[in-house]
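Structure record follows, encoded as structure tokens.
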There are 2 protein chains.
Amino acid sequence: MRIGQLAEATGTTTKTLRFYEESGLLPPAERMASGYRDYTDDAVGRVGFIHRGQAAGLTLAQIGQILRIREHGQTPCSHVRDLLGERLRELDAQIAELLALRETISQLHAQAAEPEPDTCSADEVCRYI
Amino acid sequence: MRIGQLAEATGTTTKTLRFYEESGLLPPAERMASGYRDYTDDAVGRVGFIHRGQAAGLTLAQIGQILRIREHGQTPCSHVRDLLGERLRELDAQIAELLALRETISQLHAQAAEPEPDTCSADEVCRYI
DNA sequence: ATGAACCTTCCAGTACAGTGGAAGGTCAAG
DNA sequence: CTTGACCTTCCACTGTACTGGAAGGTTCAT
């Protein structure tokens with residue numbers, strides 16, 4: 001299977017697949033006589049795993065960690081659990097931050113709903129901010 | 001006022017102030033005979049405005065827009081209102097996305113809480129993802 | 001034999017908001 | 001007179017996940 005076919009099978013691009021290989025997420029593919037990369041079918045599963053990991057909010061670096069643990073013959077289960085827990089905590093913090101920011105902006109926006117440009121003094125940029 | 005003093009007065013760094021000038025957020029400062037930047041007091045207010053804009057979730061590019069409107073002698077009020085409204089919509093979308101992701105990860109994490117590594121088949125990387 | 005479609009490598013750039021460091025000039029105190 | 005703190009410019013780099021393009025090789029159909 002050439003790189004273009006793998007790209008199509010996994011819904012990505014050849015550029016991205018080469019990038020994954022360079023980043024250590026995909027093992028260097030076998031080469032045909034021509035020098036073209038020659039993928040086996042399980043590459044599809046591997047790329048699928050990368051995509052599922054991304055959908056779970058993991059970074060490529062974290063996905064790479066999991067993949068490398070697996071390559072060392074170990075089961076990455078507990079590491080995956082830890083990563084997911086960590087990601088959950090990060091997400092909660094991020095959501096709380098965004099909700100607070102939303103509050104702030106919402107108030108500023110409400111104030112700006114009654115525009116009185118005349119009250120803008122010359123020495124400040126904008127009284128709404 | 002030299003750049004280090006302005007940095008201290010505004011709680012930022014000289015690097016950042018030069019970066020703001022280069023980005024068009026601060027007008028090029030006057031220079032002393034030595035070539036040192038010489039800021040007037042209103043630079044403090046300007047940097048403060050930039051920081052308040054950031055706290056309101058605006059990008060430096062958007063803050064620059066507001067500043068440039070003001071420099072053209074116009075009141076940026078209505079533009080600011082539009083920017084805040086836009087930011088509010090973006091934030092709502094972003095929060096919704098993160099909440100959905102949180103749901104996904106939370107479920108994966110709950111599944112991973114009962115680790116049964118033996119059920120990990122050899123041909124998949126991790127059954128939790 | 002030639003053109004299209006595919007592949008290769010390598011270099012560079014995207015967005016964002018800075019940060020790090022080198023090489024050198026300036027100023028006040030001791 | 002020298003030391004140290006401050007300033008200048010310029011270039012490169014950070015992190016994330018790619019993306020674009022150039023220059024050239026391969027494969028297959030016409």
Side-chain angles (χ1 to χ4, degrees), chain A residues 1-26 28-39 43 46-67 83 86-87 90-91 94 97-98 101, chain B residues 1-26 28-39 43 46-67 83 86-87 90-91 94 97-98 101:
Chain A
M1 185 187 241
R2 284 174 316 180
I3 195 168
Q5 296 169 316
L6 178 58
E8 189 159 8
T10 56
T12 185
T13 66
T14 58
K15 279 279 188 194
T16 299
L17 292 174
R18 286 190 205 98
F19 170 74
Y20 285 168
E21 177 177 313
E22 196 190 347
S23 309
L25 290 165
L26 291 177
E30 296 296 302
R31 299 298 179 122
M32 307 180 189
S34 60
Y36 287 11
R37 284 173 180 80
D38 192 8
Y39 290 97
R46 183 114 176 183
V47 176
F49 177 79
I50 296 173
H51 287 160
R52 287 193 304 282
Q54 286 190 298
L58 300 179
T59 66
L60 292 186
Q62 291 172 323
I63 296 169
Q65 271 178 20
I66 300 173
L67 255 12
L83 282 178
E86 194 188 320
R87 190 74 191 93
E90 282 169 17
L91 263 182
Q94 211 178 338
E97 232 174 83
L98 287 185
L101 182 56
Chain B
M1 185 186 238
R2 282 173 316 179
I3 194 168
Q5 296 169 314
L6 178 58
E8 188 158 9
T10 56
T12 184
T13 67
T14 60
K15 278 280 189 195
T16 299
L17 292 174
R18 287 190 205 98
F19 170 73
Y20 285 168
E21 178 178 314
E22 196 189 348
S23 310
L25 291 164
L26 291 177
E30 296 295 304
R31 298 300 179 119
M32 307 181 191
S34 59
Y36 288 10
R37 285 174 180 80
D38 191 8
Y39 290 97
R46 182 115 176 183
V47 175
F49 177 79
I50 296 172
H51 286 160
R52 287 194 304 282
Q54 286 191 299
L58 301 179
T59 65
L60 291 187
Q62 292 172 323
I63 296 169
Q65 272 178 19
I66 300 173
L67 255 13
L83 282 177
E86 193 188 320
R87 191 73 192 94
E90 283 169 17
L91 263 182
Q94 210 180 339
E97 231 175 84
L98 288 185
L101 182 56

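Because the structure is predicted, anything quoted here is derived from the model rather than measured. Proteins get letters first, then strands, A, B, ... in listed order; numbering begins at 1 in each.
Summarising the geometry, the separation between CD on A:Gln62 and C1' on D:dG15 is reported as 13 Å, rounded to the nearest angstrom. Across the protein-nucleic acid pair, B:Ile3 atom CD1 and D:dA5 atom C1' stand 15 Å apart, rounded to whole Å. For the pair B:Asp38 CG and D:dT8 C1', the interatomic distance rounds to 15 Å; values are reported in whole Å. What separates CD of A:Glu22 from C1' of C:dT9 is a distance of 11 Å, to the nearest Å. Nucleotide D:dT26 holds its C1' atom 14 Å from the CD atom of A:Gln5, rounded to whole Å. At whole-Å resolution of the value, CD in B:Glu90 and P in C:dA15 are 16 Å apart. Atom CG in A:Leu17 sits roughly 15 Å away from atom P in C:dC6 (whole-Å rounding). Taking atom NZ on B:Lys15 and atom P on C:dG21, their separation rounds to 9 Å, with Å as the unit.
Take the nearest nucleotide of DNA chain D for A:Phe19 and for B:Arg31: the residue whose nucleotide is more 5' is B:Arg31. Between B:Ala33 and A:Gly4, the one whose closest nucleotide on DNA chain C sits nearer the 5' end is A:Gly4.
Taking only side-chain nitrogens and oxygens, A:Tyr20 comes nearer than 4.0 Å to OP1 or OP2 of D:dC18. OP1 or OP2 of D:dT27 has at least one side-chain nitrogen or oxygen of A:Ser34 nearer than 4.0 Å. Not one side-chain nitrogen or oxygen of B:Arg18 sits closer than 4.0 Å to the OP1 or OP2 atom of C:dG20. B:Thr13 has a side-chain polar atom (N or O) that falls below the 4.0 Å cut-off from OP1 or OP2 of C:dT19. Remark: A:Gln54 is in phosphate contact with D:dC18, judged by side-chain N or O atoms under 4.0 Å from OP1 or OP2.
Residue A:Leu60 has its side chain nearest to D:dA17 when only D:dA17, C:dT19, C:dG18 are considered. Looking at the side chain of A:Thr14, the nearest of the listed nucleotides C:dT26, C:dC7, C:dG18 is C:dC7.
The residue A:Arg2 sits close only to the backbone: its heavy atoms come under 4.0 Å of sugar-phosphate atoms, none of a base. At the heavy-atom level, B:Ser23 lies nowhere under 4.0 Å from the strands shown. Counting any heavy atom pair closer than 4.0 Å across all strands shown, A:Arg37 reaches sugar-phosphate atoms only and no base atom.
One cannot find a donor-acceptor pair under 3.5 Å joining the base of D:dT27 and the side-chain atoms of A:Tyr36.
Just one of B:Leu26, B:Leu25, B:Leu60 meets the side chain to side chain contact (heavy atoms under 4.5 Å, CB included) condition when paired with B:Phe19; it is B:Leu60.
Between atom CG of residue B:Leu17 and atom CZ of residue B:Arg2 there is a gap of 13.5 Å, rounded to the nearest 0.5 Å.
Under a 3.5 Å cut-off, the side chain of A:Glu8 and the backbone N or O of A:Gln5 do not form any donor-acceptor pair. Of the possible polar contacts, none joining the B:Arg37 side chain to the B:Ala29 backbone as a donor-acceptor pair under 3.5 Å is found. Between the side chain of A:Asp38 and the backbone N or O of A:Met1, at least one donor-acceptor pair lies under 3.5 Å.
With salt bridges taken as basic N to acidic carboxylate O contacts below 4.0 Å, none links B:Glu21 and B:Arg18.
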